[in-house]
Amino acid sequence: MGNRGITLRSEDFSAWYNDVIMRAELADYAPVRGCMVIRPRGYRIWELMQAALDGMLKETGHENAYFPLLIPQSFLAKEAEHIAGFAPQTAVVTHAGGKELEEPLVIRPTSETIIYSMFSKWIQSYRDLPLLINQWANIVRWEMRTRLFLRTTEFLWQEGHTAHATESDAEAEALLILRLYRKFMEEWMAMPVVTGLKTESEKFAGALRTYSCEGMMQDNKALQAGTSHNLGQNFSRAFDVQYQTEEGSRDYTWNTSWGASTRLIGGLIMTHSDDNGLVCPPRLAPVQVVVVPIWRKDEEKSAVLEAGQRVEADLKKAGLRTALDDRESMKPGAKYFEWEGRGVPVRLELGPRDLAENKVVVARRTGGKAPSPMTDIGATVTGVLEELQQQLFEDALERREEHSHRNLDRSGFIELMEGQGGFVYGGFCGGARCESEIKEKTKATIRVLPDSEFRSPEPQDKCMWCGNKAVSEAVWAKAY
RNA sequence: CGGGGCGUGGCGCAGUCCGGCAGCGCGCCUGCUUUGGGAGCAGGAGGUCCCGGGUUCAAAUCCCGGCGCCCCGACCA
């Protein structure tokens, strides 16, 4: 345990993670097992994520809609792989209105079935395509083991569902979203991710192909942070989503679905936070800058508070999310600890000495503080926040590269996974047997077959595990 | 479902072995003094000791049964 009442990362990463969440008041455990309450400080992060992602989705032509929580149980069964994948995880409503229902209703574990059943009503002609729909929703998946934000029974997400006239249009859409997710994760969350294709065993139940963004957490484990699926015609055939082509023939639509969830908040926490608590990237910080006024005597107090209000007004004018901590019962040091635990990126300390010099002390959450002129404080802090945002990304990227390994042989791989872990790039023969054997022996799985820009400079032509000819490069890691 | 840990004021814990007034730290309320890295003093509020049985003059403590939570693994975003 560190001196902040937070378990040290080096002692127990899981306990640290929970401590950070509790300290920052992001969430709390609900009465029902596996369920969580997202508290205001956590929900605000989600709202900021939503605003950013929603904007990006709208810019690329997607429209929001809302589909119901309850799905007829029979719908789920219409796509064979889908039902096989999700049936064990569903919660089912069997009684309502004091009576047993004729057909049980499934609480959505994802909305493909209800959405494509509606698409079949709405789509008649190639002129109706592409249909680009997104929804922000809650879903329920009955998990064996849950963790705050990372895996809870109920969670919030956006799920996009699109219908296209051709396979290549659908493929382009799936890749567009993958890039969009990556952009969001890098530019807003300051979380670098490796993108690529999931193997058959890891892909979404019912998809042709699944693409994924994988981040590396501070314990060197991978977090699947967003997935984008090319569904092919699996669901359009199951739900009879047909359209008339330009030539007059009939065809099934080509579909995609993709999602990113409140799990991202867990990723944000585990990417940046430290032993003093949450570190929130500025662009997603509920409070970006807090002003802490300092005074000894009453005559100082009024002058300092007045200056503090002026400073806060300047910050607000610069478009920043601010707080002025003018609580009288707390000493400045105590306030510092509190706001640090909450992850606020920048703190301004303002006392009589600073006031006399027309300055404020600018303190960064990641360390270091220095006086700065009060004039143009809005612009100054804006600049510091941009630097911090950039610095968090670069630090995370550097950490990921430090723990990314190439050219390991089988025994080196095993040794690494038994020790500190990390990402391992290497050749993969494509064999399901190698894949499952590796998982069994080391707990590591193929996170993705990486996109070209993440691949090793030298060709990976032999399977890292069996030594046979490789069909592609793969990235292995233990995962959340 | 297996293994480990735990359930005692809001939070963190001691007390349980060996039964005997329900405690400590933090937080909370009131007042005064304080305020440049977790303030001090004084006064105060707050408890079905996870639940149900049993043993006993007497149970947080012993016995039997149950429930819940956290961590590790199997399932998964």
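If you're wondering where the values come from, they're calculated on a predicted model, not measured in any experiment. Residue numbering restarts at 1 for every chain, and letters A, B, ... go by the order of the sequence lines.
Residues A:Phe75 and A:Tyr116 keep their aromatic ring centres 6.0 Å or farther apart.
Distance from the side chain of A:Glu143 is smallest for B:A77 among the nucleotides B:G37, B:A39, B:A77.
For the P atom pair drawn from B:G12 and B:G27, the interatomic distance equals 15 Å after rounding to whole Å. B:A45 and B:U55 have their P atoms separated by 37 Å, given to the nearest Å. Across B:C29 and B:C67, the matching C1' atoms stand 35 Å from one another, rounded to whole Å. Comparing B:C17 with B:G9, their C1' atoms are spaced 26 Å from each other, to the whole Å.
Among residues at least two apart or in separate chains, side chain to side chain donor-acceptor pair (under 3.5 Å) pairs with a member in residues 43-53 of chain A are A:Arg44-A:Glu47. Here side chain to side chain donor-acceptor pair (under 3.5 Å) pairs that include residues 175-185 of chain A, with residues two or more places apart or in two chains, are A:Gln158-A:Tyr181, A:Arg182-A:Glu186, A:Arg182-A:Glu453, A:Lys183-A:Glu187. Applying the side chain to side chain donor-acceptor pair (under 3.5 Å) test to residues at least two apart or on different chains, the pairs with a partner in residues 190-199 of chain A are A:Thr195-A:Asp451, A:Lys198-A:Glu214, A:Lys198-A:Gln224, A:Thr199-A:Ser201, A:Thr199-A:Glu435. Among residue pairs with one or both ends in residues 62-82 of chain A, those qualifying as side chain to side chain donor-acceptor pair (under 3.5 Å) are A:Asp54-A:Asn64, A:Thr60-A:His62, A:His62-A:Glu173, A:Asn64-A:Asn134, A:Tyr66-A:Arg108, A:Ser74-A:Glu103; sequence neighbours excluded.
Put simply, A:Arg151 has no side-chain N or O that comes within less than 4.0 Å of OP1 or OP2 on B:A77. Side-chain nitrogen and oxygen atoms of A:Lys335 include none within less than 4.0 Å of the OP1 or OP2 phosphate oxygen of B:G38.
Looking at residues 198-219 of chain A, you'll see that no heavy atom sits under 4.0 Å from any atom of RNA chain B. For the segment residues 259-268 of chain A, the set of residues with a heavy atom within less than 4.0 Å of an atom of RNA chain B comprises A:Ser261, A:Arg263, in numerical order. Across residues 433-451 of chain A, A:Lys443 each have a non-hydrogen atom less than 4.0 Å from an atom of RNA chain B (numbered order).
Counting atom types as modelled, A:Glu300 pairs no side-chain N or O with a base atom of B:G36 as donor and acceptor under 3.5 Å. Taking only distance into account, the side chain of A:Lys369 meets the base of B:G37 through a donor-acceptor pair shorter than 3.5 Å.
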Strictly under 3.5 Å: I want the nitrogen or oxygen pairs between protein and nucleotides 66-70 of chain B, one per line.
none

Atom pairs, protein N/O to nucleotides 26-28 of chain B N/O, distance under 3.5 Å:
none

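Residues meeting the side chain to side chain contact (heavy atoms under 4.5 Å, CB included) test with A:Arg399, sequence neighbours left out: A:Met216, A:Gln218, A:Thr271, A:Ala396, A:His403. Every side chain to side chain contact (heavy atoms under 4.5 Å, CB included) that A:Leu197 has, sequence neighbours left out, goes to A:Arg209, A:Tyr211, A:Leu449. In terms of the salt bridge (Lys or Arg N to Asp or Glu O under 4.0 Å) criterion, residue partners of A:Arg9 (sequence neighbours excluded) are, by chain and number, A:Asp275.
Each of A:Tyr480 and A:Val361 lies near RNA chain B, and the nucleotide nearest A:Val361 is the one positioned closer to the 5' end.
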